[in-house]
Amino acid sequence: MADKTKLGMEFPTYTFEVEKGKIAEFALAISQKEDKNQLNPVYVDREAAKKSGYNDIIAPPTFQTCFPFWAAGGLLPIIQILGIDLIRLLHGEEEYFYYATIHPGDIMTGKSKVVEMYQKEKKDKPGKFMDFTVIETEISNQRGELVIKTRSTLVER
């Protein structure tokens with residue numbers, strides 16, 4: 001059962017400096033392997049990015065999902081602090097709210113907080129429940145500008 005005393009809990013911030021190579025690696029990883037022409041050049045080519053109105057290459061959507069892994073050892077410390085059983089853990093949902101672009105050299109700082117905890121009865125097992133924990137993370141750049149907000153729903157079955 002979810003420990004509702006953890007509602008509102010904030011976790012230590014993490015900081016990550018964005019590198020051009022990491023952007024390119026991520027862009028290649030999410031492109032179709034059969035056709036590298038599917039790769040959007042604004043992720044890897046500075047001139048193409050400038051022609052599209054950016055100052056430099058930009059990070060693809062969902063790039064920020066890697067920040068906690070590269071900077072803070074992943075989500076495992078949060079899961080352990082919350083007392084969630086890894087064997088029973090499911091990834092429920094992910095929401096992203098984008099406010100600005102990410103460029104090489106940006107220093108991103110993430111701050112996570114438990115914003116919601118609730119239970120739902122299992123449809124196939126009346127009287128048995130699943131616990132839901134929603135973690136919201138705000139990621140700002142070196143100028144203190146909010147760049148991305150994420151909402152991650154963890155499900156303990």
Among the clusters formed by ILVMFWY side chains lying less than 4.5 Å apart, do Leu7 and Leu154 turn up in the same one? yes
Please report the closest heavy-atom contact between Ile107 and Glu17, naming both atoms and the distance. CG1-CG, 4.1 Å
Look at the side chain of Glu136 and the backbone N and O of Val115, then say whether any donor-acceptor pair between them is shorter than 3.5 Å. no
Heavy atoms, side chains only, cut-off 4.5 Å: are Thr137 and Ser152 in contact? no
Applying a strict under-4.5 Å side-chain criterion to I, L, V, M, F, W and Y, I'd like to know whether Leu75 and Val134 cluster together. no
For Tyr118, does the OH atom sit with more than 12 other heavy atoms under 6.0 Å from it, leaving out its own atoms? yes
Enter the distance from Met117:CE to Thr133:OG1 here, rounded to the nearest 0.5 Å. 3.5 Å
Within-4.5 Å side-chain heavy-atom neighbours: Glu19 and Pro104: no
Are Ile81 and Phe11 close enough that some pair of their side-chain heavy atoms sits under 4.5 Å apart? yes
Ile23, Phe16: one ILVMFWY side-chain cluster at the under-4.5 Å cut-off? yes
Does NZ in Lys113 sit with more than 12 non-hydrogen atoms of other residues, nucleotides or ligands closer than 6.0 Å? no
Answer yes or no: is there a donor N or O on one side and an acceptor on the other, between the side chain of Asp45 and the main chain of Glu47, under 3.5 Å? yes
Determine, stepwise, if the pair Ser140 / Val147 fulfils side-chain contact (heavy atoms from CB on, under 4.5 Å). CA-CA 5 Å; Ser140 301; Val147 175; 5.6 Å; no
Closest approach of Pro60 and Tyr43, non-hydrogen atoms and distance? CA-CE2, 3.5 Å
So how far is it from Ile87 CD1 to Glu156 CD, rounded to the nearest 0.5 Å? 11.0 Å
How close do Gly92 and Val155 get, counting heavy atoms only, and between which atoms? CA-CG2, 3.8 Å
Taking only Lys NZ, Arg NE, NH1 and NH2, and the carboxylate oxygens of Asp or Glu, determine whether Glu10 and Lys111 approach each other closer than 4.0 Å. yes
Quick check: Phe26 with Trp70 (ring centres under 6.0 Å apart)? no
Thr150 vs Glu95, test: side-chain contact (heavy atoms from CB on, under 4.5 Å). Steps then yes/no. CA-CA 6 Å; Thr150 68; Glu95 293 179 272; over 6 Å; no
Of the non-hydrogen atoms in Asp56 and Arg46, which two are nearest, and what is the gap between them? OD1-NE, 2.9 Å
Tyr96 ring centre to Lys149 NZ or CZ under 6.0 Å, with the angle to the axis within 45°? no
Please round to the nearest 0.5 Å and tell me the distance separating atom CD1 of Ile58 and atom OG of Ser52. 8.0 Å
CG (Leu76) and CG (Leu89) are apart, to the nearest 0.5 Å, by 10.0 Å
Report yes or no: does Asn141 contribute a side-chain atom to a donor-acceptor pair with the main-chain N or O of Gly144 at less than 3.5 Å? yes
Hydrophobic cluster membership, Leu86 vs Met130, 4.5 Å side-chain cutoff: no
So, taking the atom named CZ in Phe67 and the one named CD1 in Ile102, what distance separates them when rounded to the nearest 0.5 Å? 4.0 Å
Quick check on the hydrophobic clustering: are Tyr98 and Val18 connected, directly or via other members, by side-chain heavy-atom contacts under 4.5 Å? yes
Please lay out, stage by stage, how Leu28 and Leu39 fare under the test side-chain contact (heavy atoms from CB on, under 4.5 Å). CA-CA 7 Å; Leu28 285 169; Leu39 181 63; 3.6 Å; yes
With a 3.5 Å distance limit and no angle check, can you tell me whether His103 reaches the backbone of Ile57 through a side-chain donor-acceptor pair? yes
How close do Lys20 and Val44 get, heavy atom to heavy atom, and via which atoms? CE-O, 4.5 Å
Applying salt bridge (Lys or Arg N to Asp or Glu O under 4.0 Å) between Arg151 and each of Glu94, Glu138, Glu116, Glu93, report the one that passes. Glu116
So Gln119 and Phe132, side-chain contact (heavy atoms from CB on, under 4.5 Å) or not? Walk me through it. CA-CA 6 Å; Gln119 285 187 327; Phe132 292 74; 6.0 Å; no
Roughly how far apart are Ile148 CD1 and Thr65 OG1, rounded to 0.5 Å? 9.5 Å
